[in-house]
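Inspection log for the structure reproduced underneath, given as structure tokens.
We name chains A, B, ... by the order of the sequence lines, and we start the count at 1 in each one. Note that the structure is predicted; figures quoted are calculated from it, not measured.
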There are 2 protein chains.
Amino acid sequence: MNALLTSSQRQLVRVISESGPLSRTEMANLLGLSKAAMSGIARELIDLGVLHETETVYGQGRPSVRLDLHPECAFFVGISLLEDPAPMILSDLNGKIIARQAMPLSRDPQVIAQAITEGLPRLLEAHPQAKEKLSGIGVALSGFVDETQSNCVQSTLLGWQDVPLAKIIRECSGVETFIENDAKAVAVSEKLFGSAREIQSFSVVSLGDGIGCAHFIDGKLYRGNHGGAGEIAHCTIEPGGSPCRCGKRGCLDTVSSMKAIKEVSRAEGLECTSLSEIEHEASTGNAAAIRILHRAGSALGLAIANLIQMNDPGMILITHVEGSFDGLFGTVVNQAIETNVLPRYAGQTPIRVKRVDGDVWARGAASIAAHNFLIGPNSN
Amino acid sequence: MNALLTSSQRQLVRVISESGPLSRTEMANLLGLSKAAMSGIARELIDLGVLHETETVYGQGRPSVRLDLHPECAFFVGISLLEDPAPMILSDLNGKIIARQAMPLSRDPQVIAQAITEGLPRLLEAHPQAKEKLSGIGVALSGFVDETQSNCVQSTLLGWQDVPLAKIIRECSGVETFIENDAKAVAVSEKLFGSAREIQSFSVVSLGDGIGCAHFIDGKLYRGNHGGAGEIAHCTIEPGGSPCRCGKRGCLDTVSSMKAIKEVSRAEGLECTSLSEIEHEASTGNAAAIRILHRAGSALGLAIANLIQMNDPGMILITHVEGSFDGLFGTVVNQAIETNVLPRYAGQTPIRVKRVDGDVWARGAASIAAHNFLIGPNSN
DNA sequence: TTGATTTGTTCATTTTCTGAACTTAGTGTC
DNA sequence: GACACTAAGTTCAGAAAATGAACAAATCAA
């Protein structure tokens, strides 16, 4: 099932992946191909089991038959190295999670590869066809990943420097493997499976202990010249502010990350260990809690507003790990975005919020493998 | 000469435009084509007069012959509507200015079209072959231009709203015409003719009475979802700062644009009408001048640093109209960039500075027409 | 039932690319 | 200077991919 698709086949798969089920004629028009060519390519993909006919649409003339990706034409395993135990899921081509389990996290790549290899049979146990049609493994981690999606250039969390993790897992498990940064993996997942399917340019801002960010530009994940695109966490947001672990001062990370919020709370004498608790304190009128959330929310909103000004994305997706986003913090973020965006564009950029858990990261990881199956590695 | 090139021909033209003269074999490898296919396509383009053989490179085996774009295979007219009188130039495919003149500026699109139509014969007078091979007209203006490069969506300077300028000029002059925003035109010009030929992702920050910005991302001009990418001027840089004409407060525009610098100088009682004079005052120790330049420079530097953090471009090109960039202002800008970029990436992003005059804008305008000749309108 | 209408298929033809053999124009060695 | 060696570029038959036009199929509308 690793069969490489021809470039026309991939174009077709891509357009369906973006727009959902389409008739042959619609696709021919979208791709600028003749009906004759479309007919042939569609036939090939149906024979390969990648596409299948879905509903029939009646209008004037002969009804059209919509083609869609066959969700069970390929399966993917996704693993998130963001928590311990590490979630490990099996997903189909719709991003639906078919099976899940967990594996112990390690800092030793070899041990990780071993754990994955041992976990695979159990994950696939009850799904014989997934076993047969397993297309690849995706791994999401916190850190920098090179553009081949094979090497982890640097990860503070895992203590890595130039680790060829994909190769190690591939050799150990015998399955094609790709790795990706966590925020970028979620962005790909949203593009393939989620709310960004039809949006060509959007950004994901992922809020957790740290702050991550990824950009899709003109339908492609944009990594930047040195792989550093999306380093919103170290945008200076409070010039001359608190020192950051990166070496400079006033980074967004020092103000708006969950870690920073909790640290500041502790320093201010609040007995809170989670965002929800701080939110609760704020709702009861605790001035310190209100101040902290205001400061963090304004900073994040300002950074996002600047991102909108710079790049004019078609959507911003804010993912957050803890608590909810409908308290004071979320309100302030949204307000700050509105007040710092050109009035002309205010409200023009949809801001979506999504609470994520381990499954979302793992699904994001799986989507990296799915992307390689659908679009190909040279993201062309 | 408006003959549409086939898609393979355009690919080839594009790769030469990016990398300079290449041998057939090198291009075949770069494009993933067979030597046989390359041979044919190169022959076609040579026969069309688009390519020509240049130097011969000796090594082991048969020497290779580099092919390059024939600079005189097409000519372009570029007009800048940024000043009065408006510069109008004739350029070849290398961006070399062959002839120049000026025309009166107007706010009436019809009058502009008329002036261009009347100016054309004079511009082409001494260049019969340019007359024959004139491929298109490009117009640079301050304002928003839609993605078809035909309509000016909005221009404060010209007082326009949804003006189909390209169509008007095309119909009046009979020559294919494209329009573009000034900063974007300079970005295209740098990509085609200038220092960014081989850089896939870079940003231009243009410093004048206002502040403009344009991004090239993965080899393509990126316009953003609503055509608003690059609105760095209205990034909030001093939260709660001075009101901006856009309606919000503390925009970069209110601090670092030439207009703002001059206004603040006047308000502070400095008798200066140009940046050079303020620089001179600063160099003699005038505290107000030093303060103004520091504030403006830090703000611009911070904005550029944030841009680097967000997008990790391969180069930043700062263009400025007045004075020089090696005084206090430029120094502060560079310092502010350095201190606000992740230490890991500090110094990794080349910052280039270029002083521009009317010719540069007009050449940028011409490059829009050249881009449409070389790469095609659907910038694919 | 008939005609209009639009989808999708078939097939001969054209266009585009490939693989392999070949020609060409040099360098290096004895 | 003759000879092998090397790599660039060409040629040409054949494969692959796309097209255009004719046609078959499936419905609605009258």
Original post:
Is B/Arg66 salt-bridged to B/Glu53, cutoff N-O under 4.0 Å?
Top reply: no

Original post:
Distance only, no hydrogens: is a donor on one side chain within 3.5 Å (strictly under) of an acceptor on the other, for A/Asn372 and A/Gln149?
Top reply: yes

Original post:
Taking atom types as modelled, is there a side-chain donor on B/Asn151 or B/Asp146 under 3.5 Å from an acceptor on the other?
Top reply: yes

Original post:
Within this structure, what is the CG-to-P distance between A/Leu33 and C/dG8, rounded to whole angstrom?
Top reply: 15 Å

Subject >> Under 4.0 Å protein heavy-atom contact, by nucleotide of nucleotides 25-30 of chain C - B base, S sugar-phosphate only >> reply: BBS---

Subject >> Results of ring pair (Phe, Tyr, Trp, His ring centres under 6.0 Å) for A/Phe178 - residues two or more places apart only >> reply: none

**OP:** To the nearest Å, give me how far apart CD (A/Glu53) and P (C/dG8) are.
**Re:** 8 Å

Original post:
End-to-end bend of the helix from C/dG8-D/dC23 to C/dC30-D/dG1 (five-pair axes, 10° rounding)?
Top reply: 20°

**OP:** Could you name each residue pair satisfying side chain to side chain donor-acceptor pair (under 3.5 Å) that touches residues 184-194 of chain A, not counting sequence neighbours?
**Re:** A/Glu190-A/Ser195, A/Glu190-A/Lys354

**OP:** Could you check if a side-chain atom of B/Glu26 sits within less than 4.5 angstrom of a side-chain atom of B/Ser19, using non-hydrogen atoms only?
**Re:** no

Original post:
What residues form a side-chain contact (heavy atoms from CB on, under 4.5 Å) with B/Ala366, not counting sequence neighbours?
Top reply: B/Phe76, B/Ile89, B/Ser91

Original post:
Rounding to a whole Å, what distance do you find between A/Leu12:CG and D/dA17:P?
Top reply: 14 Å

Subject >> Sub-4.0 Å heavy-atom contacts from residues 21-30 of chain B onto DNA chain C, ordered by number >> reply: none

Subject >> side-chain contact (heavy atoms from CB on, under 4.5 Å) partners for A/Ser203, two or more places apart >> reply: A/His215, A/Leu307, A/Pro313, A/Ile316

**OP:** Tell me what A/Ser34 touches on the nucleic acid: a base, only sugar-phosphate, or nothing, going by heavy atoms under 4.0 Å.
**Re:** base

Subject >> N or O in side chain of A/Ser64 less than 4.0 angstrom from C/dT6 OP1/OP2 >> reply: no

Original post:
Is there a side chain to side chain donor-acceptor pair (under 3.5 Å) between A/Gln11 and A/Ser8 once you walk through the steps?
Top reply: CA-CA 5 Å; A/Gln11 273 192 294; A/Ser8 339; 5.2 Å; no

Subject >> For B/His70, side-chain contact (heavy atoms from CB on, under 4.5 Å) partners two or more places apart >> reply: B/His52, B/Glu72, B/Cys73

Original post:
What is the distance, rounded to the nearest whole Å, between atom CD of A/Glu55 and atom C1' of C/dT7?
Top reply: 15 Å

Original post:
In terms of side-chain heavy atoms of B/Lys35, which of C/dC17, D/dA18, D/dG9 is nearest?
Top reply: D/dG9

**OP:** Could you list the residues that satisfy salt bridge (charged side-chain N to carboxylate O under 4.0 Å, His left out) with B/Glu147, not counting sequence neighbours?
**Re:** none

List, one per line, each side-chain donor-acceptor pair under 3.5 Å for residues 34-48 of chain A, sequence neighbours excluded.
| unit_1 | atom_1 | unit_2 | atom_2 | d |
| --- | --- | --- | --- | --- |
| A/Ser34 | OG | A/Ala37 | N | 3.1 |
| A/Glu44 | OE1 | A/Gln9 | NE2 | 2.6 |

Subject >> A/Arg62: partners by salt bridge (charged side-chain N to carboxylate O under 4.0 Å, His left out), with sequence neighbours left out >> reply: none

Original post:
Between residues 36-43 of chain A and DNA chain C, which residues have a heavy-atom gap below 4.0 Å?
Top reply: A/Ala36, A/Ser39

